[in-house]
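First up is the structure itself, then whatever we jot down about it.
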Amino acid sequence: MGSKNKLKRFKENETFGNVIQPNREEITNGTFSLKGKWNEFFGNDNPLVLELGCGKGEYTVGMAKQNKNKNFIGIDIKGARFWRGAKTAIEENMSNVAFLRTQIELIDGLFAADEVSEIWITFPDPQIKYKRTKHRLTNEVFLEKYKLILKDDGVVNLKTDSEFMHGYTLGLLHGKGLEVLYANHDVYKNEGSPKEVLEIQTFYEKQYLEKGKPITYIKFRIR
């Protein structure tokens with residue numbers, strides 16, 4: 001994507017009512033105004049679902065279409081990417097979708113305790129090198145942050161093409177004695193996966209499938 005295109009999308013994001021772009025300081029010093037008040041932003045008390053590293057927002061928008069009684073927020077630092085999802089949501093008058101431009105490690109400064117019902121992590125960078133462990137979105141530090149904002153019965157979903165990420169996460173969950181509700185190492189060959197795992201496919205997921213890569217999925221609780 002050219003720099004002109006990026007700048008155009010950044011400017012357009014600023015005009016979208018469904019895009020929130022807080023600065024790091026207001027998140028870290030506790031003055032982010034929507035923390036604990038996302039129900040006011042959406043105008044209802046429906047369950048709140050997050051997609052972390054949402055990319056173009058295809059999964060966020062897809063789930064919002066299937067679940068109009070829930071509110072969805074896609075989170076990514078790359079606003080030029082989720083511009084597409086935000087624009088689609090506006091064009092289709094979807095009132096249960098928003099996008100948040102920020103770093104995922106700040107998540108506990110964006111949401112209050114027990115404010116989130118569900119988290120989706122879709123095709124994250126597996127950060128395979130050991131020195132990159134701190135950046136894996138299912139490492140112990142991130143799990144603790146998710147625990148802070150999730151309701152007691154809240155769940156986390158991991159969908160990935162990385163067998164390494166799948167195995168790493170399962171091993172960590174079992175090692176910590178956390179509740180694995182469902183695990184599947186090839187969702188399109190093995191039965192039992194929820195419809196939102198099978199029916200919503202991102203641009204990159206379709207490419208993985210064309211190459212014959214298995215798509216894995218884990219659903220778990222942190223409590």
Side-chain angles (χ1 to χ4, degrees), residues 27-28 30 32 34-39 42 45-55 59-60 63-64 66-67 69-77 98-100 102-128 130 132-185 187 192-198 200 215-223:
I27 300 170
T28 55
F32 179 58
L34 287 174
K35 182 177 179 178
K37 297 180 180 178
W38 284 101
N39 60 328
F42 286 104
D45 291 321
N46 291 343
L48 185 61
V49 182
L50 311 180
E51 184 193 2
L52 308 184
C54 66
Y59 230 89
T60 300
M63 290 190 294
Q66 290 186 352
N67 302 275
N69 60 339
K70 295 180 181 180
N71 299 318
F72 293 84
I73 300 176
I75 302 176
D76 208 301
I77 193 60
F99 289 89
L100 189 53
T102 189
Q103 292 96 344
I104 295 168
E105 62 263 27
L106 301 177
I107 195 168
D108 50 336
L110 297 159
F111 302 94
D114 304 320
E115 191 170 20
V116 176
S117 294
E118 191 169 1
I119 291 173
W120 280 80
I121 306 170
T122 51
F123 302 97
D125 186 331
Q127 308 287 357
I128 292 175
Y130 179 77
R132 301 290 297 176
T133 302
K134 65 180 180 180
H135 298 291
R136 289 179 203 148
L137 292 184
T138 57
N139 71 27
E140 290 190 56
V141 174
F142 277 113
L143 292 183
E144 284 301 315
K145 288 178 181 286
Y146 306 154
K147 183 179 179 180
L148 287 172
I149 64 174
L150 279 167
K151 295 180 181 297
D152 281 345
D153 61 348
V155 296
V156 181
N157 305 271
L158 171 66
K159 186 179 182 184
T160 176
D161 65 304
S162 169
E163 293 179 21
F164 167 82
M165 187 70 167
H166 181 80
Y168 165 82
T169 304
L170 267 184
L172 185 59
L173 296 174
H174 288 313
K176 292 178 67 68
L178 298 175
E179 184 180 7
V180 177
L181 300 169
Y182 182 81
N184 191 329
H185 67 274
V187 298
S193 290
K195 67 175 184 177
E196 59 264 35
V197 175
L198 302 175
I200 303 172
I215 305 300
T216 71
Y217 171 68
I218 308 170
K219 182 175 186 176
F220 60 95
R221 282 201 179 100
I222 314 168
R223 57 183 180 185

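Numbers for residues simply follow the sequence, beginning at 1. When reading the values below, keep in mind they use all heavy atoms of this one structure, side chains included, and skip hydrogens, waters and symmetry mates.
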Counterpart residues, salt bridge (charged side-chain N to carboxylate O under 4.0 Å, His left out), relative to K176 (two or more places apart): E140
Nearest-0.5 Å distance that lies between atom CD in Q66 and atom CD1 in I200: 4.0 Å
Pair listing, salt bridge (charged side-chain N to carboxylate O under 4.0 Å, His left out) test, anchored in residues 166-175, at least two apart: none
Spacing of NZ belonging to K145 relative to CG belonging to L110, to within rounding of 0.5 Å: 10.0 Å
Partners meeting side-chain hydrogen bond (donor to acceptor under 3.5 Å, both in side chains) with T216 (sequence neighbours left out): H166
Backbone N/O of K37 and side chain of E115: donor-acceptor pair under 3.5 Å: yes
Results of ring-ring contact (aromatic ring centres under 6.0 Å, His included) for F123 - residues two or more places apart only: Y208
Expected output: side-chain K151 to main-chain D114 donor-acceptor under 3.5 Å: yes
Qualifying residues under side-chain contact (heavy atoms from CB on, under 4.5 Å), relative to D76, sequence neighbours excluded: C54, K78, F82
side-chain contact (heavy atoms from CB on, under 4.5 Å) partners of A113, counting only residues at least two apart: none
Salt bridge (charged side-chain N to carboxylate O under 4.0 Å, His left out) partners of E179, counting only residues at least two apart: R221, R223
Contacts of type side-chain hydrogen bond (donor to acceptor under 3.5 Å, both in side chains), residue N39, not counting sequence neighbours: D45
Side-chain heavy-atom pair V141, K134 within 4.5 angstrom cut-off: no
List, one per line, each side-chain donor-acceptor pair under 3.5 Å for residues 168-175, sequence neighbours excluded.
residue	atom	partner	partner atom	Å
T169	OG1	T138	OG1	2.8
T169	OG1	M165	O	2.8

Residues which pass side-chain contact (heavy atoms from CB on, under 4.5 Å) with K147, listed by chain and number, not counting sequence neighbours: E144, I222
Partners passing side-chain contact (heavy atoms from CB on, under 4.5 Å) against K70 (at least two apart in sequence or in another chain): P47, V49, N67, F72, E118
Y217 (side chain) donor-acceptor with N157 (main chain) under 3.5 angstrom: no
Within residues 156-171 or reaching into it, pairs that qualify as salt bridge (charged side-chain N to carboxylate O under 4.0 Å, His left out) - sequence neighbours excluded: K159-E205, D161-K213
